[in-house]
Amino acid sequence: MRSRLDVLAVVFRARAATPLALTFALCLAACPAAKKGGAGGGTAKGSAGAAKGTAGAGTSNAKAPQPPKGKVGDQRPAAKAATGVKTPKKTFALASKETSRASFLGVASARLRKIVSTFPKVEQRPVAAPLSLTTSDGTGLELLYLSAKVVLEGPLAFTQLHLVFKNPRPRTIEGRFSITLPPKAVVSRLAMRMPHGWMEAEVVERQRARRIYEDFLHRRQDPALLEKKAGNQFRARIFPIAANSDKEIMISFSQQLEGAKTPYRLPLKGLPKMQELAIQAYLAQATQTAAATSLGGTTLTQKVVKVEKENYKPDRDFVVQQPSGAPAALRKGHLAVVRIAPKPKVAVAPPKGLLVLVDTSASRAAGFASMIERLGVLLRTLRKNHGDALPFQLSAFDQTISTIYRGTLGELRQEHLAALLARQTLGASDLHGALQWASKVEGFDRLLLVSDVVVTAGETDHGALKKAAKGLEANFKRMDVLVTGGIRDEVLAAKLVRGNLPLDGVVLDDRKPAEALAARIGKATVSNIEVSIPGAKWVWPSRLDGVQPGDEVLVYADLSAAPADKAPIAVRLVGGIKAEFSVPWATVKGPLLQRAWVAA
């Protein structure tokens with residue numbers, strides 16, 4: 001039975017269909033003009049009441065301009081649908097389930113507009129911790145100690161984390177361990193310290209794993225259940241955690257470093273103060289010495305980086321660059337991985353019209369203000385590259401869709417980004433519904449999705465989402481995805497931008513500089529590139545799509561039919577690009593390459 005507090009929470013959530021309903025309740029009560037314009041279902045008339053400026057800038061004029069044409073406001077459904085209200089000419093049709101509501105940007109209150117344009121100035125929520133162990137009621141256990149051992153071997157990296165948590169409670173509890181791993185990371189080990197030593201977890205089918213966990217739980221033995229959640233997040237249920245005692249957990253994972261200049265990053269920012277932090281990173285690099293074995297190969301040397309801190313609260317991640325002499329190819333027996341840079345020749349492909357669709361679901365809460373700020377810088381850069389007259393629309397979605405602005409990119413102002421920020425992060429992410437809605441939007445040939453691509457509502461099947469992306473073809477030629485946030489699904493993002501529309505798009509990382517992101521949005525891509533390695537029984541990927549200059553690709557191969565000599569590995573590309581690469585390789589320990597090879 002729900003508690004009174006839970007019921008109240010549900011009631012408030014239902015009444016807060018408009019994201020500003022609670023935040024600005026007092027403000028609306030204090031603004032007579034706002035009460036006249038914002039209470040009903042129509043759009044209030046009045047001056048814009050805010051200084052004119054570009055996205056991300058605050059340049060003001062003495063005379064306040066009128067709102068840009070075609071601007072519409074929040075379209076989240078009201079508790080009661082408005083009836084008998086004629087849709088304004090410039091209000092563009094949204095999903096059929098939505099109900100037209102007034103635009104808060106049209107509220108005739110300069111005071112309210114000023115408040116909105118400056119709210120909030122700080123992050124609404126602190127950065128989420130990359131790992132935690134909590135009780136069933138959500139209370140976090142104290143992290144006493146974190147030790148990390150990192151091995152960088154060319155395009156691959158291995159990480160082992162040793163974590164010690166403290167249960168201060170006078171009773172035995174069940175814990176919920178959560179960790180956000182790098183994109184495409186593969187977990188290789190989960191273990192817990194027991195009186196007799198480390199107890200190792202085994203990989204089994206999900207439903208069977210849950211049955212085993214519940215069985216051990218009832219027998220009061222020490223089980224742990226690790227499951228992959230949305231995107232790159234993993235969670236484990238751990239029981240028991242003894243009263244007033246420490247709980248030690250060991251987790252290991254491997255990951256790819258696709259680019260030679262891609263740094264290794266161990267997320268630490270957001271973690272609480274801990275008694276001790278210890279990191280050892282082993283950086284392998286090739287040398288020019290004689291062959292390492294009778295069959296050839298390259299000798300490797302290692303650099304060791306050590307970090308030791310006490311009573312430390314991380315304010316940044318641990319980041320280390322790959323050594324300059326790191327090998328571009330690794331081989332162990334018949335298994336190999338090779339890093340190549342295709343370097344296609346592509347033409348400039350400027351958008352003729354751009355629809356930006358921003359994910360404002362609850363998973364985007366941490367760092368949302370910073371994300372909006374970075375988006376503003378990107379839009380300002382796109383304006384510089386493609387001109388003021390570029391047709392532009394800015395919309396937001398969670399379970400519903402709101403169009404913040406429609407007009408030209410040159411008329412976009414800081415207040416529109418403030419409106420996007422003030423919409424807040426609420427609800428779940430219905431990406432399927434957002435794509436279906438976007439397929440009906442006319443006047444643009446390019447779509448930029450800004451999201452973590454973690455789908456939590458509506459249709460979640462990848463096949464159905466690809467079909468929805470293909471449905472954009474009636475109005476759009478290309479779709480790009482700007483991936484943001486720590487928890488992200490880059491695999492799904494790649495499926496959405498390739499093989500669905502006339503032109504393949506790219507997956508972008510919003511942590512990259514705005515100039516680099518804007519340049520990639522403005523360039524064409526090359527697809528249908530066939531990949532082969534002479535003598536290989538198996539190659540993955542066998543085809544490359546959506547490639548641009550600067551992209552680097554990891555190619556995995558089974559070389560059991562190739563000569564086991566010291567000759568470089570040859571990689572051939574035909575089709576969209578015709579090229580051949582001869583890559584020297586280094587010998588690597590089997591498990592690291594085997595895990596990456598199986599994951600590929």
Side-chain angles (χ1 to χ4, degrees), residues 153-156 183-186 254-260 262 327-346 462-463 465-467 469-470 478-481 489-507 520 524-565 567-586 588 590 592-600:
E153 296 270 14
L156 303 179
K184 302 179 184 178
V186 179
S254 56
Q255 66 188 94
Q256 302 177 4
L257 300 175
E258 294 185 351
T262 301
L330 301 174
R331 182 172 179 178
K332 179 64 175 180
H334 63 95
L335 304 181
V337 59
V338 187
R339 180 194 285 138
I340 60 172
K343 297 180 181 179
K345 295 181 179 179
V346 298
H462 284 199
L465 291 166
K466 274 185 65 68
K467 185 177 180 181
K470 190 172 181 61
R478 171 174 157 180
M479 172 183 176
D480 300 309
V481 176
D489 193 339
E490 294 188 359
V491 174
L492 176 56
K495 291 179 180 180
L496 294 177
V497 302
R498 297 169 189 160
N500 302 312
L501 299 179
L503 302 175
D504 286 333
V506 293
V507 177
R520 297 195 66 184
T525 62
V526 177
S527 297
N528 301 317
I529 305 169
E530 300 297 328
V531 183
S532 64
I533 294 179
K537 293 179 62 177
W538 177 86
V539 174
W540 187 90
S542 59
R543 168 174 159 163
L544 303 178
D545 294 311
V547 178
Q548 288 185 327
D551 287 347
E552 295 179 89
V553 182
L554 297 187
V555 179
Y556 294 85
D558 181 347
L559 302 178
S560 56
D565 56 24
I569 299 174
V571 182
R572 294 174 182 172
L573 305 180
V574 296
I577 299 175
K578 187 174 182 180
E580 183 166 341
F581 303 86
S582 181
V583 186
W585 54 273
V588 68
L592 178 61
L593 183 53
Q594 288 169 359
R595 282 189 290 266
W597 191 81
V598 169

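No hydrogens, no waters, no symmetry mates; every other heavy atom, side chains included, goes into these values. Here, residue 1 is the first one in the sequence, and each next residue gets the next number.
Just one of D545, L544, I577, V547 meets the side-chain contact (heavy atoms from CB on, under 4.5 Å) condition when paired with N528; it is D545.
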Should L156 and V337 be marked as a side chain to side chain contact (heavy atoms under 4.5 Å, CB included) after you check the CA-CA gap, both sets of side-chain angles, and the distance that decides it? CA-CA 9 Å; L156 303 179; V337 59; 4.2 Å; yes
With side chain to side chain contact (heavy atoms under 4.5 Å, CB included) as the criterion, how do L503 and T525 come out once you've worked through the C-alpha distance, each side chain's angles and the decisive distance to 0.1 Å? CA-CA 8 Å; L503 302 175; T525 62; 5.5 Å; no
Between K332 and L592, does the side chain to side chain contact (heavy atoms under 4.5 Å, CB included) criterion hold? Intermediate values first, please. CA-CA 10 Å; K332 179 64 175 180; L592 178 61; over 6 Å; no
Between V338 and L554, does a side chain to side chain contact (heavy atoms under 4.5 Å, CB included) hold up when you go through it step by step? CA-CA 6 Å; V338 187; L554 297 187; over 6 Å; no
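In this structure, V481 and A493 approach most closely via the heavy-atom pair CG1-CB, 4.0 Å. Nearest heavy atom pair, residue E530 against residue S542, reads OE1-O, 3.4 Å. Among all heavy-atom pairs drawn from E552 and G259, the shortest one is OE2-CA, 3.0 Å. Nearest heavy atom pair, residue P584 against residue S582, reads CD-O, 3.7 Å. Nearest heavy-atom pair across A536 and L559 is CB-CD2, 3.8 Å. Residue V583 comes nearest to A329 through the heavy atom pair CG1-CB, 3.6 Å, listed as atom of the first residue, atom of the second, then distance.
Judged by distance alone, the side chain of W585 and the main-chain N or O of A567 form a donor-acceptor pair under 3.5 Å. Side-chain atoms of D504 come within 3.5 Å of backbone atoms of G499 as a donor-acceptor pair (strictly under, hydrogens ignored). Proximity of a side-chain donor or acceptor of E490 to a complementary backbone N or O of K184 within less than 3.5 Å is not detected. Distance alone, capped at 3.5 Å, places no donor-acceptor pair between the R478 side chain and the P502 backbone. Here the side chain of Q548 pairs a donor or acceptor atom with the backbone of R520 at under 3.5 angstrom. With hydrogens and angles ignored, the 3.5 Å screen pairs no side-chain donor or acceptor of R498 with any backbone N or O of N500.
In this structure the side chain of E153 never reaches within 4.5 angstrom of the side chain of L593, judged on heavy atoms. In this structure, the side chains of V555 and I569 stay at 4.5 Å or more apart for every pair of heavy atoms. A heavy-atom distance below 4.5 Å is found between the side chains of V346 and P549.
If you take CH2 on W538 and NE2 on H334, they are separated by 11.0 Å, rounding to the nearest 0.5 Å. Atom CD1 of residue I529 and atom NZ of residue K578 lie 14.0 Å apart, to the nearest 0.5 angstrom. Here L330 contributes atom CG and R339 contributes atom CZ; the two are 8.5 Å apart, rounded to the nearest 0.5 Å. The distance from the OH atom of Y556 to the CG atom of L335 is 11.0 Å, given to the nearest 0.5 Å.
More than 12 heavy atoms of other residues, nucleotides or ligands lie within 6.0 Å of NZ in K466, so this atom counts as buried by the packing criterion.
Residues D489 and K495 are not paired through a salt bridge, judged by the lack of any N-O separation under 4.0 Å between the basic side chain and the carboxylate.
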